[in-house]
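The structure appears right after this line, and notes come after that.
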Amino acid sequence: MPYPSDHERDRPWVMRTYAGHSSAAASNELYRRNLAKGQTGLSVAFDLPTQTGYDPDHQLSRGEVGKVGVPVSHIGDMRRLFDGIPLAEANTSMTINAPAMWLLALYVSVAREQAEAEGRDVDEVLAKLTGTTQNDIIKEYLSRGTYIFPPGPSLRLITDMIAWTVHHVPKWNPINICSYHLQEAGATPTQEVAYALCTAIAVLDAVRDSGQVDPADMGKVVARISFFVNAGVRFVEEMSKMRAFTALWDEITRDRYGVTDPKARRLRYGVQVNSLGLTEAQPENNVQRIVLEMLAVSLSRGARARAIQLPAWNEALGLPRPWDQQWALRMQQVLAFETDLLEYEDIFDGSHVIQAKVDEITAGAREEIARVQDVGGAVAAVESGYMKSQLVGSLAEYRRGMENGERVLVGVNKFATTEPSPLQAEGAKAIETIDPAVEKDAVAALEEWRGRRDSDAVERSLATLKETARTSANLFEATVDCARAGVTTGEWSGALREVFGEYRAPTGVSATAAGGGDPGIERVRARVRATEAELGERLRILVGKPGLDGHSNGAEQVAVRARDVGFEVVYQGIRLTPEQITAAAVQEGVHVVGLSVLSGSHLEVVPHVVDGLRAAGAGDVPVIVGGIIPPDDAALLTERGIARVFTPKDYELTDIMDGIVSLIRERHGLS
């Protein structure tokens, strides 16, 4: 699928909706409702504590539980999540990376329980499991930020998972190499293809060199490698990108790994169209953006996605409602079942225009792959900061084009006049909201779980896990034993943190070139210099990412622009507690604190920073915040002492910097 051997109509791609929130029970209800509407695959969104290996009662989990996905703390949660859903018949995508081994172990354990309860052969059921764990740590260091361990141990976890699944769960995709977030972090089509393929090379080399897979079985490994890509609105360019991607993957797997079976060499990819490209301003325009982006990965039969999940039109506003997700699913169903798209061969074969674009992207990707390999491969390019700085620079260039009008964004920097939207009429509940009681309930449930499990079995399994981690043995069976014993997500991750340590990736900010020559930047730079002269000191801004939100693109661009206009910038990366941010602000003597929150935890974590500054005697330091913040929440933050609130509609970074200078002058009594 979707490659028929004759002229029959192609089978449609797997249709998914990325979903999960609040609790395992609430998410299970949502999954079963979506399946009843015709969805053909599940796509599990985990909350940030689960993604970063923390339990709901950890300090860093405060305000994050159940917000951007479902919390899964132990096997009991996994049982409830898939209650009434036979896993042997499901096609499940799990967007999980650093703890991917742990979540797959929980999933496999529940599948075993289902088989035993039905009196079925366990190995037979495991052999039928189909789906994907994202498990791409490289892009986490570059873009999404939900990494835990250093690159070396992380690559080992990926290698062990691939080796185990090839032998025990042969239809499962143990890694879904994810260029999706690379594009959101600024990657051009050439960079997206190149860096994803560099990750694939690093993973396949590690599996080949580990000795856990027979050389004759490398074709099986390659056949289970899948990709998860992004599709932007420039759909001709995006489609050409996927044709180039397909050709390069075939070439690399044939020439580097000796895979002779053309079927095993096919590029198998799923897609989520560009969520961060959706706009808060005139959000109804997002509907046509989503449809155009879907066409980019479905029109070309030779490079068509195997699975598609679409965001909802209002994701730039907050968490979509079930009706919004249904609308996104219907977009796919209309394309697949009402149009004649699936009745033809590739309609772009022979197009010299498309082929020229494909050749351009292919050539550029080959050059960039060679550069990464020259510095030692994907892992070395992460550790040196090379790939990250390239992405930060590309995104800075993109933003400059948007700010100066060269890149049109309808409803934002052009055609901004609008009529009132009935989709956001007064009284309409435009987005889904999460009850604050969700976190309290999750913590209470976790305490209850710990109280009724076998503590000795838990301690033994964790000890075995740590012992195994100190060797070169495969970690998967030790992880499964932890799952069966009732170990929690935080305990599994904590045990491996003890052995592997934690990691903070390069931010890429310091290596990004300043945007010189821009009149707006020069004007604000002059105001910064004048203010410094009046105060007798450098202007300093702290850019902070409180909580577990790893979407650092906005924070990085703010840091780059602040440096461009002359601020001294304090930016320590992601995943900081309010206490750490407060301490850094006081220690560095900053004039303003800028916080970035996109996970929905702004009401919980941001006021803690304000309170901390007041307690430290620095209450005169203004705090500003940017993120996906509904108007009602913005009003609440202002009441709590936040000086300014910025949302995605505030795209002019230089104007924001100008406003920050004015705010500092106001706080210091300057005219």
Q. With sequence neighbours left out, what residues match Arg330 under salt bridge (Lys or Arg N to Asp or Glu O under 4.0 Å)?
A. none
Q. Which pairs count as ring pair (Phe, Tyr, Trp, His ring centres under 6.0 Å) when at least one residue sits in residues 173-192, sequence neighbours excluded?
A. Tyr180-Phe228
Q) Taking only residues two or more places apart in sequence or in another chain, which ones pass salt bridge (Lys or Arg N to Asp or Glu O under 4.0 Å) with Asp658? A) Arg523, Arg527
Q | For Asn97, all residues meeting side-chain hydrogen bond (donor to acceptor under 3.5 Å, both in side chains), sequence neighbours excluded | A | Gln134, Glu140
Q: Answer yes when Glu403 and Arg400 have at least one side-chain N-carboxylate O distance shorter than 4.0 Å, and no when they do not.
A: no
Q.
Please list all pairs meeting salt bridge (charged side-chain N to carboxylate O under 4.0 Å, His left out) that have one or both residues in residues 267-290, counting only residues at least two apart or in different chains.
A. none
Q. Which pairs pass salt bridge (charged side-chain N to carboxylate O under 4.0 Å, His left out) with one or both residues in residues 408-419, sequence neighbours excluded?
A. none
Q) Mind checking what makes side-chain hydrogen bond (donor to acceptor under 3.5 Å, both in side chains) contact with Asp349, not counting sequence neighbours? A) Arg243
Q. Residues in salt bridge (Lys or Arg N to Asp or Glu O under 4.0 Å) with Arg224, at least two apart?
A. none
Q | Mutual orientation of the aromatic rings belonging to Tyr147 and Tyr141 [parallel < 30°, tilted 30-60°, perpendicular > 60°] | A | tilted
Q: For Asp359, check salt bridge (Lys or Arg N to Asp or Glu O under 4.0 Å) against everything at least two apart and list the hits.
A: none
Q: Sequence neighbours left out, what pairs pass salt bridge (charged side-chain N to carboxylate O under 4.0 Å, His left out) with at least one residue falling in residues 177-192?
A: Glu192-Lys241
Q | Contact list for residues 363-372, test salt bridge (charged side-chain N to carboxylate O under 4.0 Å, His left out), sequence neighbours left out | A | Glu251-Arg366, Glu368-Arg371
Q | Contacts of type ring-ring contact (aromatic ring centres under 6.0 Å, His included), residue Phe227, not counting sequence neighbours | A | Phe245, Trp249
